[in-house]
S.K.: 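Handing you a structure now.
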Amino acid sequence: MYPFDFTKVSDTQGALAAGRRGGRYIAGGTTLVDLMRETVERPETLVDISALPLREVTVTERGGLRIGALVRMAEAAAHPKVRALYPIISQALELSASAQLRNMATIGGNIMQRTRCTYFRDVTAACNKREPGSGCAALQGFNRTHAILGTSDQCVATHPSDVAVAFAALEARVHLLSPDGARSVAFADFLLRPGSTPNREQALRQGELITSVEIPAHPRPLKSGYLKVRDRQSYEFALTSAAVALHLRGGVVHEAKVAAGGVGTVPWKLPAVERHLIGERPSQALWTQAAERAAHGARPLEHNRFKIELLKRTVERQLRIVGDTP
């Protein structure tokens, strides 16, 4: 591990000042410390923000939900308001990582985590995300976890977060703070597709701090859930996943929010699936027809073409589970 400076701050202004000077924020450290150990990341200064007052889960005036950036994953999953209003978030969190990691990792850190691509974490392999312009060994490598949606000729790495898929489906917003003031960014715009700059992964400015993630109010009753398909049932990242939220009234789907994980370079919203559901009555035929649209625009590599069919089946199954639940 390379030498670095470490500072602990107790207020947001101190954090922002340190961040503007180039410091890297750290709270639970469950991702950054691993990357430093593997010499993938070499920050010169770490800024411990774990003492900042960003640990609240609150219901907004309009009936949405705001989750502080420093709320632990386990705390958010168990929070009664989260479980009552958006069980999809609790399910996604509980299917993430291990219990020990969920007790340490924060919501802000979770959505900031970097890819688990084998080539990104192997400093001897070419990786445009780690070293811009060096190439992408994954394009010729053999790894079934690579993305099939949102890829470019520069990068095919998937985004690993489960709860980010739920946030994408629910059209969350990320609240940010910098010395220039506060702003919020739609979750769909916060995580960036690789394009020609795969090393730039989030729409953050220098020293900007995540303060919370806000889920807007959705029509009630709202039924939701998260399904994760992986090689094993414990501590494993998704091959595919589906986050589904449906507003059914009078036996008809009036609103549908659907996103997929494990298949995109970012959590992948599925508007074609959503559009097919609106105004229709739940049925197995409807779920199947909608799911057929899930892989629209997919660009698989030769060795991960299986993900197209797996994605369709995962989305279909979760639509059925959520839509057919009394």
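Bear in mind the structure is a predicted one, so any value in this text is a computation, not a measurement.
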S.K.: Please check this pair: side chain of R130 against backbone of F120, looking for a donor-acceptor N/O pair closer than 3.5 Å.
M.R.: yes
S.K.: For the residue pair Y86 and H218, does the interplanar ring angle fall in the parallel (under 30°), tilted (30 to 60°) or perpendicular (over 60°) class?
M.R.: perpendicular
S.K.: Do F190 and L176 make a side-chain contact, defined as non-hydrogen atoms from C-beta onward lying under 4.5 Å apart?
M.R.: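 A side-chain contact exists here, since the closest heavy-atom pair is under 4.5 Å.
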S.K.: Is it true that K8 and S50 share a donor-acceptor pair across their side chains at a distance under 3.5 Å?
M.R.: yes
S.K.: Does this structure show an ion pair linking E309 with R313, if we count only N-O contacts that are shorter than 4.0 Å?
M.R.: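 Here E309 pairs with R313 in a salt bridge, since their nearest N and O are under 4.0 Å apart.
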S.K.: Between V163 and I89, is there a side-chain heavy-atom distance shorter than 4.5 Å?
M.R.: yes
S.K.: What orientation do Y119 and H146 show, parallel under 30°, tilted 30 to 60°, or perpendicular over 60°?
M.R.: tilted
S.K.: Less than 4.0 Å between a side-chain N and a carboxylate O, is that true for E274 and K269?
M.R.: yes
S.K.: Testing the basics here: between R230 and F237, what is the closest heavy-atom pair and its distance to 0.1 Å?
M.R.: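 Closest approach of R230 to F237, heavy atoms only: CB-O, 3.6 Å.
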S.K.: Closest approach of L270 and A294, non-hydrogen atoms and distance?
M.R.: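 Scanning both residues, the minimum pair turns out to be CD2-O, 3.3 Å.
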S.K.: Check this for me, if you would: do R205 and D180 make a salt bridge, where the nitrogen-to-carboxylate-oxygen distance has to be below 4.0 angstrom?
M.R.: no
S.K.: Is there a donor-acceptor contact under 3.5 Å from the side chain of R232 to the main chain of Y235?
M.R.: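 Indeed, once roles are kept as given, a pair shorter than 3.5 Å links the two residues.
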S.K.: Main chain of G225, side chain of Q318: is a donor-acceptor contact present, judged purely on distance under 3.5 Å?
M.R.: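 Such a contact is found between Q318 side chain and G225 backbone.
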S.K.: Under 4.0 Å between a Lys/Arg side-chain N and an Asp/Glu carboxylate O for R83 and E94?
M.R.: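 Yes, this pair counts.
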S.K.: Please confirm whether the backbone N or O of L246 pairs with a side-chain atom of K223, one donor and one acceptor, at under 3.5 Å?
M.R.: no
S.K.: Has E38 got more than 12 heavy atoms of other residues, nucleotides or ligands less than 6.0 Å from its CD?
M.R.: yes
S.K.: Between the main-chain N or O of L70 and the side-chain N or O of R55, is there a donor-acceptor pair closer than 3.5 Å?
M.R.: yes
S.K.: Minimum heavy-atom separation for L311 to A260, with atom names?
M.R.: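 In this case the closest contact between L311 and A260 is CD1-CB, 3.6 Å.
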S.K.: Kindly give the heavy-atom pair with the smallest separation between T30 and A105, and that separation in Å.
M.R.: OG1-CB, 3.5 Å
S.K.: Using every non-hydrogen atom in the two residues, find where H247 and L222 come nearest and quote the distance to one decimal.
M.R.: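 Residues H247 and L222, closest heavy atoms: N-CD1, 4.0 Å.
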S.K.: If every non-hydrogen atom of Q91 is compared with every non-hydrogen atom of Y226, which pair is closest and at what distance?
M.R.: OE1-N, 2.8 Å
S.K.: Is it possible for you to say whether F187 and M112 belong to one hydrophobic cluster, with membership spreading through side-chain heavy-atom contacts below 4.5 Å?
M.R.: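 Looking at the clustering, M112 is in the same group as F187.
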S.K.: Do NZ/NE/NH1/NH2 and the carboxylate oxygens of D34 and R114 come within less than 4.0 Å?
M.R.: no
